[in-house]
There are 2 protein chains.
Amino acid sequence: MSTDVDPSVVFRRYLSAMVIHSLASAEAAGLNPTDYFALNLLDLAGSLTSGELARRTGLTTGATTRLIDRLEKGGHVRRVLDPADRRKVIVEMVAAPDHVDRAVAGARRRLGAVIGGYDREEQATLFDYFTKAAVAYQESTDELLAQREA
Amino acid sequence: MSTDVDPSVVFRRYLSAMVIHSLASAEAAGLNPTDYFALNLLDLAGSLTSGELARRTGLTTGATTRLIDRLEKGGHVRRVLDPADRRKVIVEMVAAPDHVDRAVAGARRRLGAVIGGYDREEQATLFDYFTKAAVAYQESTDELLAQREA
DNA sequence: AGTTTTACCTGCATCAGTGCAGATAAATAC
DNA sequence: GTATTTATCTGCACTGATGCAGGTAAAACT
């Protein structure tokens, strides 16, 4: 079995499998990649204004308006007026619609089982990694964003 | 600081950050999401026939031909004739073009630093997780695929 | 050998997401 | 209080990815 213990290969497979599943589940949930991307931005940030969303997606403000329209129509977000600046539109996530839950249910179940198979100490290591890796990804993304703007 | 130790929140953030970075780096590398998705399928499988690629992406064979055209033109894959069945076209990945490397360089560096910060035993735990999680994602993806076909 | 099926490719039409330019409304500067 | 800037929205046109129908070539079946 598994003669393949090269760490970089293991890691690449893991990444690819994750990416594939992400996009496949997005599609299963009826989301196009842009909308899925935006939803992840919102999930991470909590909420964003229309303009911030435009900046981070790289879309024009016009295209972003339509993006928000689609997400709102699909029940993923809602528009909230900023009380402090009434020109602004704050985009807030709402609870994920059923069809999204269904699309990711299988992965959630299986991953839960995998993680549940580790002892307390190992789980602590994993979650420490998740936390640090998230930061690493965010910094890397910001770097790409800065390059795009330059 | 971090009053937030809820594991599911940590994990969601990690996932979102990863997804965002994936899509952002794909875009930085000049890849549309579909092409990026296909490239990940190929990375995971090693190589696929045109038909298999069509099935897994959910595209028609016609659209898949154009997809392969784009990937070939971008220097990401090459077409190889199957010696056993000359109707078939095997799509093989070639070394990633420079612009892709550049797009993911920041993340690779940062993640390398994160992983390098763990001791040998912790790293073993992480890689064990990567291996098992990859399987979990693949199974979940196959499940979604089966549902789509049903 | 002839027929059917399989695998991929090509021409044409469509459509969804997008950019762009201009409109509106609110905040800020003068 | 008027002018300027900022934030979002709308109308219109475009483009590129996609589906569909038909075409070619090879394999499999009879």
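A, B, ... follow the sequence lines: proteins, then strands. Residue 1 opens every chain. Side-chain atoms are counted along with the backbone in the values below, which use heavy atoms only and exclude waters and symmetry mates.
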Sub-6.0 Å ring centroid separation between B:F127 and B:Y118
no
Would you say the rings of B:F130 and B:Y137 are close, in the sense that their centroids are separated by under 6.0 Å?
no
Nearest whole angstrom, please: distance from the [atom2] of [N] to the [atom1] of [X].
X	N	atom1	atom2	answer
A:F37	C:dT18	CZ	C1'	16 Å
A:R79	D:dA7	CZ	C1'	12 Å
A:K73	C:dG17	NZ	C1'	14 Å
A:I90	D:dT6	CD1	P	19 Å
A:D69	D:dT8	CG	C1'	11 Å

Would A:L126 and B:Y14 show up in the same hydrophobic cluster when neighbours are defined by side-chain heavy atoms closer than 4.5 Å?
yes
Transitive ILVMFWY side-chain link A:I20 to A:V100, under 4.5 Å
no
Name the residue from B:V77, B:L59, B:N32 that meets the side chain to side chain contact (heavy atoms under 4.5 Å, CB included) definition with B:L67.
B:L59
Residues B:R79 and B:D69 bridged, charged N to O under 4.0 Å
yes
Salt-bridge contact A:R109-B:E139 (side-chain N to carboxylate O under 4.0 Å):
no
Close side-chain approach of [X] and [Y], heavy atoms under 4.5 Å:
X	Y	value
A:Y36	B:V19	yes
A:M18	A:L15	yes
B:V94	B:H76	no

Against the side chain of A:K88, the closest entry in D:dA7, C:dC9, D:dC9 is D:dA7
If you count heavy atoms of other groups shown closer than 6.0 angstrom to CD of A:E72, is the number above 12?
yes
Using a 4.0 Å heavy-atom cut-off across all strands, classify B:R55 as base, sugar-phosphate, or nothing.
nothing
Quick one, which residues of residues 44-53 of chain A touch DNA chain C with a heavy atom under 4.0 Å?
none
When you match B:T64 and A:T61 each to their closest nucleotide on DNA chain C, which lands nearer the 5' end?
B:T64
Pick out the pairs of N or O atoms, protein on one side and nucleotides 18-20 of chain D on the other, that lie under 3.5 Å.
unit_1: D:dT18; atom_1: OP1; unit_2: B:T34; atom_2: OG1; d: 2.9
unit_1: D:dT18; atom_1: OP2; unit_2: B:R70; atom_2: NH2; d: 3.1
unit_1: D:dG19; atom_1: OP2; unit_2: B:T60; atom_2: N; d: 3.1
unit_1: D:dG19; atom_1: OP2; unit_2: B:T60; atom_2: OG1; d: 3.3

Please list each protein N or O that sits under 3.5 Å from an N or O in nucleotides 27-30 of chain C, with the distance.
unit_1: C:dA27; atom_1: OP1; unit_2: A:R86; atom_2: N; d: 3.0

